Amino acid sequence: QVQLVESGGGLVQPGGSLRLSCAASGRTFSRYAMAWFRQTPGKEREFVAAISWSGGSTSYADSVKGRFAISTDYATNTVVLQMNSLKAEDTAVYYCAARPGPSLIRQPSFYDYWGQGTQVTVSS
């Protein structure tokens with residue numbers, strides 16, 4: 001049974017940084033694509049970043065490019081989203097997701113597995 005557990009959310013001031021982690025278990029993820037999405041009340045889930053676990057290819061939403069970085073830690077089976085220069089508009093619940101195959105798809109409907117989400121609030 002696949003499990004994705006996010007951690008690392010919280011309250012941070014504008015311009016600050018946060019590091020989100022997604023601990024993956026229940027499967028060998030070497031042939032999976034992993035992604036982060038975010039969602040605010042009343043809005044659709046939005047793509048943030050994705051990574052191919054085996055090849056290391058990455059993809060970012062334009063709104064976070066240059067500020068966020070996605071990476072994988074093979075030793076701990078963890079996907080990390082490093083978020084820098086945070087803005088108020090980054091406030092959302094952030095979700096980790098996984099799908100089989102290397103394609104870095106941006107539509108949430110293509111992802112089979114989801115974590116429970118972690119709240120990120122950027123406010124002074």
Side-chain angles (χ1 to χ4, degrees):
Q1 182 177 352
V2 174
Q3 277 197 316
L4 304 175
V5 180
E6 301 99 334
S7 61
L11 173 65
V12 63
Q13 292 187 343
S17 298
L18 275 178
R19 182 181 174 93
L20 303 185
S21 293
C22 172
S25 62
R27 187 147 303 183
T28 301
F29 290 93
S30 59
R31 297 180 183 274
Y32 274 63
M34 308 296 292
W36 287 93
F37 289 81
R38 64 188 182 187
Q39 190 170 23
T40 54
K43 293 190 176 181
E44 293 186 354
R45 199 161 290 190
E46 175 191 25
F47 171 79
V48 175
I51 188 167
S52 171
W53 203 303
S54 60
S57 300
T58 58
S59 176
Y60 295 94
D62 288 345
S63 59
V64 307
K65 200 172 293 184
R67 300 188 298 121
F68 290 12
I70 188 171
S71 61
T72 54
D73 184 336
Y74 291 94
T76 59
N77 240 26
T78 300
V79 181
V80 173
L81 184 68
Q82 178 66 43
M83 306 187 295
N84 301 322
S85 302
L86 282 161
K87 306 174 182 179
E89 51 263 43
D90 294 319
T91 296
V93 177
Y94 282 71
Y95 297 91
C96 177
R99 65 175 302 277
S103 299
L104 305 183
I105 296 176
R106 298 187 172 207
Q107 288 76 30
S109 60
F110 284 83
Y111 286 79
D112 297 330
Y113 306 102
W114 293 86
Q116 82 288 351
T118 184
Q119 176 71 46
V120 171
T121 302
V122 184
S123 175
S124 55

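None of these values were measured; they are calculated from a predicted model.
- Under the 4.5 Å side-chain heavy-atom criterion for Ile, Leu, Val, Met, Phe, Trp and Tyr, L86 and F47 are members of distinct hydrophobic clusters.
- Counting all heavy atoms, side chain and backbone alike, G9 lies closest to V120 at CA-CG2, 4.2 Å.
- Within the 4.5 Å cutoff, the side chain of W36 has heavy atoms near those of the V79 side chain.
- The local environment of CD in E89 is crowded, with over 12 non-hydrogen atoms from other residues, nucleotides or ligands closer than 6.0 Å.
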Stepwise side-chain contact (heavy atoms from CB on, under 4.5 Å) check, W53 with T28: CA-CA 10 Å; W53 203 303; T28 301; over 6 Å; no
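- L104 is not connected to F37 by any chain of hydrophobic side-chain contacts under 4.5 Å among Ile, Leu, Val, Met, Phe, Trp and Tyr, and they are in different clusters.
- The shortest heavy-atom contact between S59 and R106 is OG-NH2, 2.9 Å.
- For A49, the side chain to side chain contact (heavy atoms under 4.5 Å, CB included) partners at least two apart in sequence or on another chain are Y60, I70, L81.
- Taking the six-membered ring for Trp and thresholds of 30 and 60 degrees, Y94 and F68 have ring planes inclined between 30 and 60 degrees apart.
- Under the side-chain hydrogen bond (donor to acceptor under 3.5 Å, both in side chains) criterion, Y111 pairs with no residue at all, not counting sequence neighbours.
- Taking all atoms of both residues into account, the shortest heavy-atom contact from P14 to S123 is CD-C, 3.6 Å.
- A perpendicular orientation is assigned to the rings of Y95 and W114, their planes being inclined by more than 60° (bins at 30° and 60°).
- One distance of note links CZ of F29 with OG of S52; it measures 13.5 Å at 0.5 Å rounding.
- R67 pairs by the side chain to side chain contact (heavy atoms under 4.5 Å, CB included) definition with V64, S85, K87, D90, not counting sequence neighbours.
- With rounding to the nearest 0.5 angstrom, the CE atom of M34 is 9.5 Å from the OG1 atom of T78.
- Within the 4.5 Å cutoff, the side chain of P108 has no heavy atoms near those of the Q39 side chain.
- Of the inter-residue distances, the one linking L11 atom CG with Q119 atom CD reads 9.5 Å to the nearest 0.5 angstrom.
- Residues L18 and G8 share a closest heavy-atom pair of CD2-O, 3.8 Å.
- Once rounded to the nearest 0.5 Å, the distance linking OG1 of T118 with CZ of R38 reads 14.0 Å.
- Tracing side-chain contacts under 4.5 Å through hydrophobic residues (I, L, V, M, F, W, Y), one never reaches L20 starting from V5; they form parts of separate clusters.
- Q107 pairs by the side chain to side chain contact (heavy atoms under 4.5 Å, CB included) definition with I105, S109, F110, not counting sequence neighbours.
- Side chain of N77 to main chain of S25: no donor-acceptor pair is present (N/O by atom type, distance under 3.5 Å, no hydrogens or angles).
- When the side chain to side chain contact (heavy atoms under 4.5 Å, CB included) test is applied to P100, the partners found at least two apart in sequence or on another chain are Y32, D112.
- Considering only residues two or more places apart in sequence or on other chains, N84 meets the side-chain hydrogen bond (donor to acceptor under 3.5 Å, both in side chains) condition with S17, Q82.
- When all heavy atoms are compared, the tightest approach of A33 to S103 is CB-O, 3.5 Å.
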